[in-house]
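Heads up: the structure comes next, in structure tokens.
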Amino acid sequence: MRTPFIAGNWKMYKTVAETVKYVKEFRALVKDVDGVEIVVAPPFTAVRAAAEAARNSNVGIAAQDLHWEREGAFTGEVSGAMIREAGAEYVIVGHSERRTLFGESDASVNRKIAAACAAGLCPIVCIGETFDQRERQETFDVLDRQIKQGLDGLTSDRMAQLVVAYEPVWAIGTGRNATPEQAAEAHAHIRRRLRQWFGPDAAELCHVIYGGSVKPDNITSLMSQPEVDGALVGGASLDVRSFLEIVTKGRDARLR
Ligand code: PGA
């Protein structure tokens with residue numbers, strides 16, 4: 001069985017000082033919480049401080065993006081090796097905010113996944129449809145394209161270690177989460193495609209988590225769906241107590 005995976009995406013929130021305070025408090029609260037992988041993703045500037053504050057704890061650290069080259073003349077960019085050196089073990093790739101606000105494409109997502117794996121980082125790859133695409137019944141087509149082009153060329157071994165985050169764009173930061181049934185349907189579709197394109201073993205091991213307005217009061221119903229392996233939490237991960245509640249309720253929902 002896949003261990004539940006719950007990650008907090010802080011986006012452009014928290015200074016180094018705020019990050020250290022959060023991680024110190026949070027690690028003490030989750031030290032006896034087992035049976036769940038816990039990750040937080042601070043902004044680049046706070047990755048090292050977060051990793052140091054989380055050392056020898058059960059809290060992993062992610063960056064929120066990376067560049068696909070190891071180094072070079074790419075002003076403003078940060079490479080996978082740099083992120084790994086700073087102490088992160090995970091990196092979010094292809095978040096919808098990066099796709100819509102910063103021109104990220106399935107082709108760049110593909111290169112970034114390869115770069116993350118080469119740097120020894122575990123990619124958390126975000127996919128999901130917009131409201132209009134769902135209204136036009138294009139959800140599965142969009143997911144297929146994002147999986148096919150984004151994950152193209154990945155070996156089954158790498159695929160097995162990947163985390164895929166299904167994040168319907170219309171649910172992100174809107175307070176309007178997908179219903180457990182909508183999430184289950186999309187997750188089942190994603191897993192079906194992974195099985196088809198990467199084989200049953202890789203598809204069985206790969207985590208497919210849900211993101212989009214996850215809160216303490218909806219995590220239990222979402223994670224009661226056997227296809228939902230965890231959550232990528234934005235706004236509700238910024239507060240220690242609220243993220244703790246999501247982590248413990250999410251874990252408990254899967255243990256039942
Ligand atoms: P949200 O963000 O939980 O604030 O909707 C989720 C995400 O962007 O990963």
Side-chain angles (χ1 to χ4, degrees), residues 4-14 18-19 22 26 36-44 46-47 50 59-66 88 90-104 109 112-113 116 121-131 133-134 139 142-143 146-147 150 162-180 182-183 186-187 190 207-223 225 228-250 253:
F5 184 101
I6 301 190
N9 171 16
W10 292 358
K11 311 192 180 186
M12 202 171 73
Y13 290 97
K14 295 197 191 293
E18 289 163 348
T19 298
Y22 181 112
F26 187 61
V36 53
E37 271 185 72
I38 311 166
V39 171
V40 293
F44 282 136
V47 165
V59 180
I61 304 300
Q64 298 174 17
D65 187 26
L66 79 164
Y90 304 85
V91 61
I92 298 171
V93 181
H95 189 279
S96 73
E97 283 150 18
R98 298 230 47 96
R99 291 178 190 259
T100 54
L101 302 173
F102 303 99
E104 190 95 68
V109 166
K112 289 182 175 193
I113 294 171
L121 292 163
C122 171
I124 302 168
V125 183
C126 304
I127 58 176
E129 80 288 356
T130 63
F131 181 75
Q133 289 164 335
R134 177 164 280 268
T139 299
V142 171
L143 296 177
Q146 291 173 333
I147 297 169
L162 214 75
V163 178
V164 175
Y166 169 61
E167 297 208 303
V169 179
W170 47 270
I172 295 177
T174 57
R176 194 175 149 216
N177 62 291
T179 64
Q182 285 171 325
H187 283 228
I190 292 165
H207 283 78
V208 184
I209 65 175
Y210 169 80
S213 297
V214 173
K215 303 275 183 285
D217 62 6
N218 59 27
I219 184 70
T220 303
S221 56
L222 286 162
M223 286 206 54
Q225 303 293 328
V228 178
D229 298 326
L232 183 55
V233 187
S237 71
L238 291 170
D239 176 77
V240 172
R241 293 281 163 184
S242 132
F243 193 44
L244 172 71
E245 209 181 322
I246 290 172
V247 166
T248 51
K249 283 185 169 172

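Both backbone and side-chain heavy atoms feed into the values below; hydrogens, waters and symmetry mates do not. Whatever order the structure lists ligands and atoms in, that order sets their numbers, starting from 1.
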Practice prompt. For atom 3 (O) of ligand 1, find the nearest protein heavy atom and state the residue, atom name and distance (0.1 Å precision).
Written response: Gly234 N, 2.8 Å
Indicate yes or no for a side-chain donor-acceptor contact from [X] to the backbone of [Y] under 3.5 Å, with no hydrogens or angles considered.
X      : Y      : value
Gln64  : Pro42  : yes
Gln146 : Gly128 : yes
Lys249 : Asp217 : no
Thr139 : Glu129 : no

Give a yes/no verdict on whether any heavy atom in [X] is under 4.0 Å from an atom of ligand 1.
X      : value
Ser96  : no
Gly212 : yes
Gly173 : yes

Worksheet item: Hey, which atoms in ligand 1 end up nearer than 4.0 Å to a heavy atom of His95?
Response: 7 (C), 8 (O), 9 (O)
Worksheet item: What atoms of ligand 1 come closer than 4.0 angstrom to any heavy atom of Asn9?
Response: 8 (O), 9 (O)
Worksheet entry | Of all pairs that satisfy salt bridge (charged side-chain N to carboxylate O under 4.0 Å, His left out), the ones with a partner from residues 228-239, not counting sequence neighbours | Arg2-Asp229, Arg191-Asp229, Asp229-Arg254
Worksheet item: Does the ring center of Tyr90 lie less than 6.0 Å from the ring center of Phe5?
Response: yes
Worksheet entry | Ala171 and ligand 1 - part of the residue with a heavy-atom distance under 4.0 Å | backbone
Worksheet item: With sequence neighbours excluded, what pairs up with Arg98 under the salt bridge (charged side-chain N to carboxylate O under 4.0 Å, His left out) test?
Response: Asp65, Glu104
Item to complete: Might you point out which heavy atoms bring Arg176 and Ser213 nearest each other, and give the distance in Å?
Response: N-OG, 3.3 Å
Between [X] and ligand 1, does any nitrogen or oxygen pair lie at a separation below 3.5 Å?
X      : value
Lys215 : no
Ser213 : yes
Gly235 : yes

Worksheet item: Considering only heavy atoms, which of Lys11, Gln64, Glu167 lies nearest to atom 2 (O) of ligand 1?
Response: Lys11
